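To start, the structure under review is shown below, and the notes come after it.
Since this is a predicted model, take the numbers as computed values, not measurements.
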Amino acid sequence: MVLPHGVAHMSDSIEGFVETSNNLAEIEMANDILQITSSQRSSVMSRLDELSCRIEAVAELAGARVNHMDGYPGWKPNMDSDLLRKSVEAYEKLFSQKSEVKIIHVGLECGIIGERCGETDMISLGPTIKNAHSPNEMLYIPSVNEYGIF
């Protein structure tokens with residue numbers, strides 16, 4: 001009842017964008033030991049740290065041990081990015097249609113690059129994937145060609 005699960009904080013600057021969340025990823029009982037694995041994500045590192053500390057405090061109050069594993073660092077989207085603007089223009093020239101710009105709440109390599117390279121103007125793009133990380137995950141095959149992968 002006290003272990004956070006789901007959306008912890010919505011973005012203050014981007015309407016409808018989940019900024020910080022926790023996922024109870026796995027609950028397993030083996031040899032009379034309960035193991036709970038959770039996965040925290042955030043585009044804001046201070047909120048990620050805050051949520052991780054909260055989960056650790058709940059676990060310790062319950063008498064549990066806590067192990068931390070590396071995850072993806074946060075990456076805050078920049079909707080005023082020159083690179084984003086130029087990419088949208090290039091897409092529209094190439095395909096004679098408007099591109100779809102979406103912000104998603106996932107771990108991306110952009111967080112790792114940003115952590116190592118500092119303030120870098122980045123975007124992430126790729127084919128259309130639906131129901132990611134679920135048994136119903138699907139790749140929309142026609143969208144693959146748009147990125148020159150095949």
Side-chain angles (χ1 to χ4, degrees), residues 1-30 34-56 58-59 66-150:
M1 297 296 292
V2 296
L3 189 58
H5 175 69
V7 175
H9 194 273
M10 298 296 289
S11 172
D12 293 328
S13 58
I14 303 169
E15 187 176 334
F17 177 59
V18 175
E19 180 186 271
T20 307
S21 71
N22 182 52
N23 172 35
L24 291 178
E26 186 177 49
I27 300 175
E28 180 180 38
M29 184 71 135
L34 176 65
Q35 180 172 318
I36 300 172
T37 303
S38 68
S39 176
Q40 298 80 47
R41 290 185 180 150
S42 182
S43 57
V44 177
M45 287 308 294
S46 60
R47 291 218 191 256
L48 180 63
D49 292 341
E50 176 186 307
L51 181 59
S52 296
C53 287
R54 181 175 162 205
I55 291 166
E56 184 171 350
V58 166
V66 176
N67 296 318
H68 292 277
M69 297 173 12
D70 289 338
Y72 282 92
W75 173 53
K76 196 169 187 173
N78 177 5
M79 299 309 288
D80 295 322
S81 158
D82 285 336
L83 179 60
L84 176 60
R85 182 184 47 75
K86 289 175 183 176
S87 297
V88 166
E89 290 170 2
Y91 184 94
E92 290 175 7
K93 282 181 186 174
L94 279 170
F95 300 106
S96 300
Q97 64 182 7
K98 280 201 159 292
S99 66
E100 214 175 321
V101 176
K102 292 184 178 183
I103 302 171
I104 56 175
H105 180 66
V106 298
L108 291 173
E109 290 76 6
C110 293
I112 296 168
I113 294 166
E115 184 178 64
R116 293 183 183 163
C117 299
E119 295 294 321
T120 304
D121 195 6
M122 297 181 280
I123 61 171
S124 176
L125 52 93
T128 301
I129 298 172
K130 296 191 178 195
N131 307 312
H133 308 299
S134 80
N136 297 321
E137 182 170 336
M138 294 181 284
L139 170 66
Y140 183 61
I141 300 295
S143 71
V144 174
N145 252 355
E146 294 176 10
Y147 296 94
I149 297 169
F150 293 105

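Contact record, L125 with I123: CD2-CD1, 3.5 Å, taken as the closest heavy-atom pair. Residues D82 and D121 come closest through the heavy atom pair N-OD2, 3.5 Å. L51 approaches S21 most closely through the heavy-atom pair CD2-O, 3.4 Å. Contact record, S143 with T128: OG-N, 2.8 Å, taken as the closest heavy-atom pair. Residues S52 and Q40 approach most closely at OG-OE1, 3.5 Å, considering heavy atoms.
Contact of the V66 side chain with the H68 side chain is registered, since non-hydrogen atoms from C-beta on lie closer than 4.5 Å. Residues E26 and I36 form no side-chain contact, since every pair of their non-hydrogen atoms from C-beta on lies 4.5 Å or further apart. Counting only heavy atoms from C-beta outward, the side chains of M10 and V18 approach each other to under 4.5 Å. Residues P4 and I55 have side chains in contact (heavy-atom distance under 4.5 Å, counting atoms from C-beta outward). A heavy-atom distance below 4.5 Å is not found between the side chains of K130 and L139.
A donor-acceptor contact shorter than 3.5 Å is absent between the side chain of T120 and the backbone of M122. In terms of modelled atom types and a separation under 3.5 Å, the side chain of N131 and the main chain of N136 share a donor-acceptor contact. The backbone N or O of M45 sits nowhere less than 3.5 Å from a side-chain atom of S42 that would complete a donor-acceptor pair. Looking only at distances, a side-chain donor or acceptor of H5 sits under 3.5 Å from a matching main-chain atom of L24.
Within a 6.0 Å sphere centred on CD of E15, heavy atoms belonging to other residues, nucleotides or ligands number 12 at most.
Classification of E50 and R54 as a salt-bridged pair fails, no side-chain N sitting under 4.0 Å from a carboxylate O.
Screening L48, V7, V44 for a side-chain contact (heavy atoms from CB on, under 4.5 Å) with E19, the sole residue that qualifies is V44.
Every pair passing salt bridge (charged side-chain N to carboxylate O under 4.0 Å, His left out) that includes a residue from residues 94-104 is listed here, sequence neighbours excluded: E92-K98, E100-K102.
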